[in-house]
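See below for the structure under consideration.
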There are 4 protein chains.
Amino acid sequence: MEQTTTSERILDAAEALFVEHGFTETSLRVITRKADVNLAAVNYHFGSKTALIQAVFARHFDPFAELFGAALERLKADSPPSLDVLIDTLIHCALNTSSSHGDLRVFMKLLGMAYTRHQPNLREYLQDHYRPLFADFIDLVTQATPRLRREDRFWRLHFLLGSIVFTLSSLDTLRGMHPGETGHMPVRALAGQVRPMVLATLQAPSTDSAAISPFSQETSL
Amino acid sequence: MEQTTTSERILDAAEALFVEHGFTETSLRVITRKADVNLAAVNYHFGSKTALIQAVFARHFDPFAELFGAALERLKADSPPSLDVLIDTLIHCALNTSSSHGDLRVFMKLLGMAYTRHQPNLREYLQDHYRPLFADFIDLVTQATPRLRREDRFWRLHFLLGSIVFTLSSLDTLRGMHPGETGHMPVRALAGQVRPMVLATLQAPSTDSAAISPFSQETSL
Amino acid sequence: MEQTTTSERILDAAEALFVEHGFTETSLRVITRKADVNLAAVNYHFGSKTALIQAVFARHFDPFAELFGAALERLKADSPPSLDVLIDTLIHCALNTSSSHGDLRVFMKLLGMAYTRHQPNLREYLQDHYRPLFADFIDLVTQATPRLRREDRFWRLHFLLGSIVFTLSSLDTLRGMHPGETGHMPVRALAGQVRPMVLATLQAPSTDSAAISPFSQETSL
Amino acid sequence: MEQTTTSERILDAAEALFVEHGFTETSLRVITRKADVNLAAVNYHFGSKTALIQAVFARHFDPFAELFGAALERLKADSPPSLDVLIDTLIHCALNTSSSHGDLRVFMKLLGMAYTRHQPNLREYLQDHYRPLFADFIDLVTQATPRLRREDRFWRLHFLLGSIVFTLSSLDTLRGMHPGETGHMPVRALAGQVRPMVLATLQAPSTDSAAISPFSQETSL
DNA sequence: AATGAATGAGCATTCATTCAT
DNA sequence: GATGAATGAATGCTCATTCAT
């Protein structure tokens, strides 16, 4: 009669509520009520609220990590891939993974929530589980952008991660502010917008040191 | 003997704790204990926790808005400014404002927290108070990038906002992950990193429609 | 070992304290301490203080309403009852119901507290739940006092309700003021006092209009 | 410029709010805000909230007590007055006193609130200040109803007090329930309704003991 | 005579968690 | 595998009152 298991119902409800309201703002009471499940079931199945949060993440990240990891292995096997190919692979994996349950927006929003750090355990969890994967990716990017200073590459990658995570995280904020602009934009079209920025940013030449900080003398910071 | 007023002490404590732990995660009790102030003082001086959060914001944003607004007026009076000048003005104002109390990181982190939406009243507050300023800025950016499609410009601006906000928000996350890279990087040097990305992104040509979404056929989303 | 359930313990404690000190003046802390129960138990079992107040009422009123409703049905089935019979039925039901747990004084005091209106939700609750019962009773009284003007009957019924409720509500005030008079007066003897007043009042002829307000010309109200 | 004194403004605001919401439910904050007066002014002028409540009472009761006391003195000087005259005098004084500021309803509502006892100090205050007056009145009633048993008279007087206080206290409850019946009924017309009840009740013969409690054998109370 | 600031005690309510069944 | 009941700790907030000015 009832197809879904209790823990799946909890995960579904928790994910939706976490993404909409944040971790702290979502109580177990609300989750279990939405999942139509006993309050104690969360602690029974997951042990704690913290563990539930990690489980919500794992359900999204594990399939992506597997897909993306396999793709990187394939790329590594051949000659070192170009930057275009790397970026397209990343986007491809992100889009195809998340389509299994929930859209990319949920995936990204969770990622953003993990980074913007409330709930500190979460960051540790992600680092512990997915660091080798990210290291692989960064290695390949490094090979594909040999002329970029190491430091510059580091920051630009984080800027790019930030721009994507932030934009997708706040998509409905944006929709609220600019209904016309964002109305029917599907997530995959957004990916089209991301590509040129990523390429332009990573292909821009390294700044020479003299030009880095034209403002420095004016600030006391 | 005691130089600072009660409400300033509260604002200082609240700001530090909000930035470190988030709004919901920071209780009034912790704030007042840190500020060495009576618990009821928050409600006496600010009325509610929500109003306190807004006051923390206003203390950062109002000086910036004034500085940046005046600068934009000056730019508008002359001929339409180039993109470089606009971006440099923005960075300059951001750096010079926040230096008054607290660093740019706090400023950006607050901005990021407002966007990533927990505490929904906050977004409304920012929109109500600073919309005209942002509209002015976007107008000038539009004049400075005439060849960009309106839609592309919209998204790229948000990507850039995201990259900056996200990066500065998660600066200590990054420091935790890559001590070597980020160790002594002062905030104003980071501004030097931001500039080339911003220029490269906004100066990249608009994509032609055919190229926008090379992934669309592969995803069921 | 422990015979009574938690929610019964709460109801008992709450009832006693409400009657003695009023709703607002009785905190959940005091109730739970008296009931020897965890503070959160009230919200667990009843949801809110308001809901607890209603539950205290319901426990007294529901049995009375059932008893009185059934009695009225029986009276309606026969020929229209006389005023004596109606009044005696009412008193009988009031005495026999409340004797189950708590005395009539509690019952009446609660009724009086509901009427004298602090805690406005309560009046709505009583109206919503017991209106048909009261309507039935008033119908029968109307048939039993055909010579009374509708308006006069309305007011006199309220006067009578008031006299009973008020007297029983303030019984211990009276005992404090006139120990000799009220010392050992059992509640059921008081009922004997009520009867002649009720009958005399409802059987007094309607005033003729000229006599209604001999004071009107002297007051500017 | 400002006609009314601070303490009058406080008394006006407090009276209105007490009558509408009760003592405990009305905070000094609300009172002082309504009176457009500093929060500390209540404690400055009256010493405490309790003292403010008593002052609100005194402003209503003192003029009535003076008027009614004088009238009783005049009646005592002549031959013992009839019951009609006594009742009419009482009603007359009540109506004429209260008309000075605020209507009779406020007067009665305050009286009812004092009786139904939350705020226990208040009862003591009334007893201490007005007992001789009431004693005088009861003496005269006793002389005017020589055939009534002392005990019966005691109870019936309380029933009558209750009916009046209760009815006027809950006048707006009644208006809410029966708009048609109570719509334009001025308070002085209500006095016309009270009179026949009072006379009928006090003139009804004393019950004989056998008839007092026809219910006693059926109740276990 | 009046007031802005401050305070300690208390409020109803919600929280994640535990546990016997 | 699942749950109703219970709990201790903490939450934001309001209270009457005080006090220096």
Side-chain angles (χ1 to χ4, degrees), chain A residues 5-7 9-10 23-32 36-53, chain B residues 2 5-7 9-10 23-33 35-53, chain C residues 2 5-7 9-10 23-33 35-53, chain D residues 2 5-7 9-10 23-32 35-53:
Chain A
T5 70
T6 295
S7 60
R9 309 255 299 284
I10 294 175
F23 301 125
T24 322
E25 294 81 358
T26 303
S27 72
L28 294 186
R29 262 170 187 73
V30 174
I31 294 172
T32 51
D36 198 26
V37 148
N38 185 275
L39 169 62
V42 169
N43 282 279
Y44 177 75
H45 284 281
F46 299 94
S48 71
K49 187 181 181 181
T50 298
L52 170 62
I53 293 174
Chain B
E2 184 189 344
T5 69
T6 296
S7 60
R9 308 256 299 284
I10 294 174
F23 301 124
T24 321
E25 293 81 359
T26 304
S27 74
L28 294 187
R29 273 168 178 80
V30 173
I31 292 172
T32 51
R33 204 174 303 137
D36 196 26
V37 146
N38 186 277
L39 169 63
V42 169
N43 275 278
Y44 176 75
H45 285 282
F46 300 94
S48 70
K49 186 180 182 181
T50 298
L52 170 62
I53 293 174
Chain C
E2 184 190 341
T5 69
T6 296
S7 61
R9 309 254 299 284
I10 294 174
F23 300 125
T24 321
E25 294 81 359
T26 304
S27 73
L28 294 187
R29 273 168 179 78
V30 174
I31 293 172
T32 51
R33 204 175 304 139
D36 197 25
V37 147
N38 185 276
L39 169 61
V42 170
N43 276 277
Y44 176 75
H45 284 282
F46 299 95
S48 69
K49 186 179 182 180
T50 298
L52 170 62
I53 294 174
Chain D
E2 184 188 343
T5 70
T6 295
S7 61
R9 308 255 298 283
I10 294 174
F23 300 124
T24 321
E25 293 81 359
T26 304
S27 73
L28 294 187
R29 262 169 188 73
V30 174
I31 293 172
T32 52
D36 198 24
V37 147
N38 185 276
L39 169 62
V42 168
N43 281 278
Y44 177 74
H45 284 282
F46 298 94
S48 71
K49 187 182 182 181
T50 299
L52 170 62
I53 293 173

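Reminder, nothing fancy here: chain letters follow the sequence lines and each chain counts from 1.
The distance from the OG1 atom of D/T6 to the NE2 atom of D/H45 is 4.5 Å, given to the nearest 0.5 Å. With values rounded to the nearest 0.5 angstrom, A/T24 atom OG1 is found 7.5 Å from A/I53 atom CD1. Atom-to-atom distance recorded for C/R33:CZ and C/D36:CG is 11.0 Å, nearest 0.5 angstrom.
Taking both residues in full, the closest heavy atoms of A/S48 and A/N43 are given as CA-OD1, 3.8 Å, listed atom of the first, atom of the second, then distance. Smallest separation of non-hydrogen atoms from D/F46 and D/A51: O-CB, 3.0 Å. Contact between A/R29 and A/T32 at its shortest, heavy atoms only, is O-OG1, 3.0 Å.
Atoms NZ (A/K49) and C1' (F/dA10) sit 14 Å apart, rounded to a whole Å. Regarding D/F23, its CZ atom lies at a distance of 18 Å from the C1' atom of F/dC15, rounded to whole Å. Between the CD atom of A/E25 and the P atom of E/dT14 there is a distance of 16 Å, given to the nearest Å. Rounding to whole angstrom units, CG of residue D/L28 and P of F/dA16 are separated by 4 Å. The distance between atom CZ of B/R9 and atom C1' of E/dA5, rounded to the nearest whole Å, is 14 Å. In this structure, B/I10 atom CD1 and E/dT7 atom C1' are separated by 12 Å, rounded to whole Å.
Within residues 37-47 of chain C, the residues approaching DNA chain F are C/N38, C/A40, C/Y44, C/H45, by heavy-atom distance under 4.0 Å.
For the strand DNA chain E, secondary-structure stems (runs of at least three Watson-Crick or G-U pairs, all distances below 3.5 Å) span E:2-21 with F:2-21.
The 5' end of DNA chain E is approached more closely, in terms of each residue's nearest nucleotide, by C/R33 than by the other of C/R33 and A/S27.
Between D/V42 and D/K49 the shortest side-chain heavy-atom distance does not fall below 4.5 Å.
Of the candidates C/T26, C/I31, C/V30, C/I31 is the only one forming a side-chain contact (heavy atoms from CB on, under 4.5 Å) with C/L28.
Using a 4.0 Å heavy-atom distance criterion, D/T26 is classed as a sugar-phosphate-only contact.
In terms of polar N and O atoms assigned as donor or acceptor, the side chain of C/R29 never comes within less than 3.5 Å of the base of E/dG10 in a complementary pairing.
Distances shown here put a side-chain N or O of D/T6 below 4.0 Å from the OP1 or OP2 atom of E/dA2.
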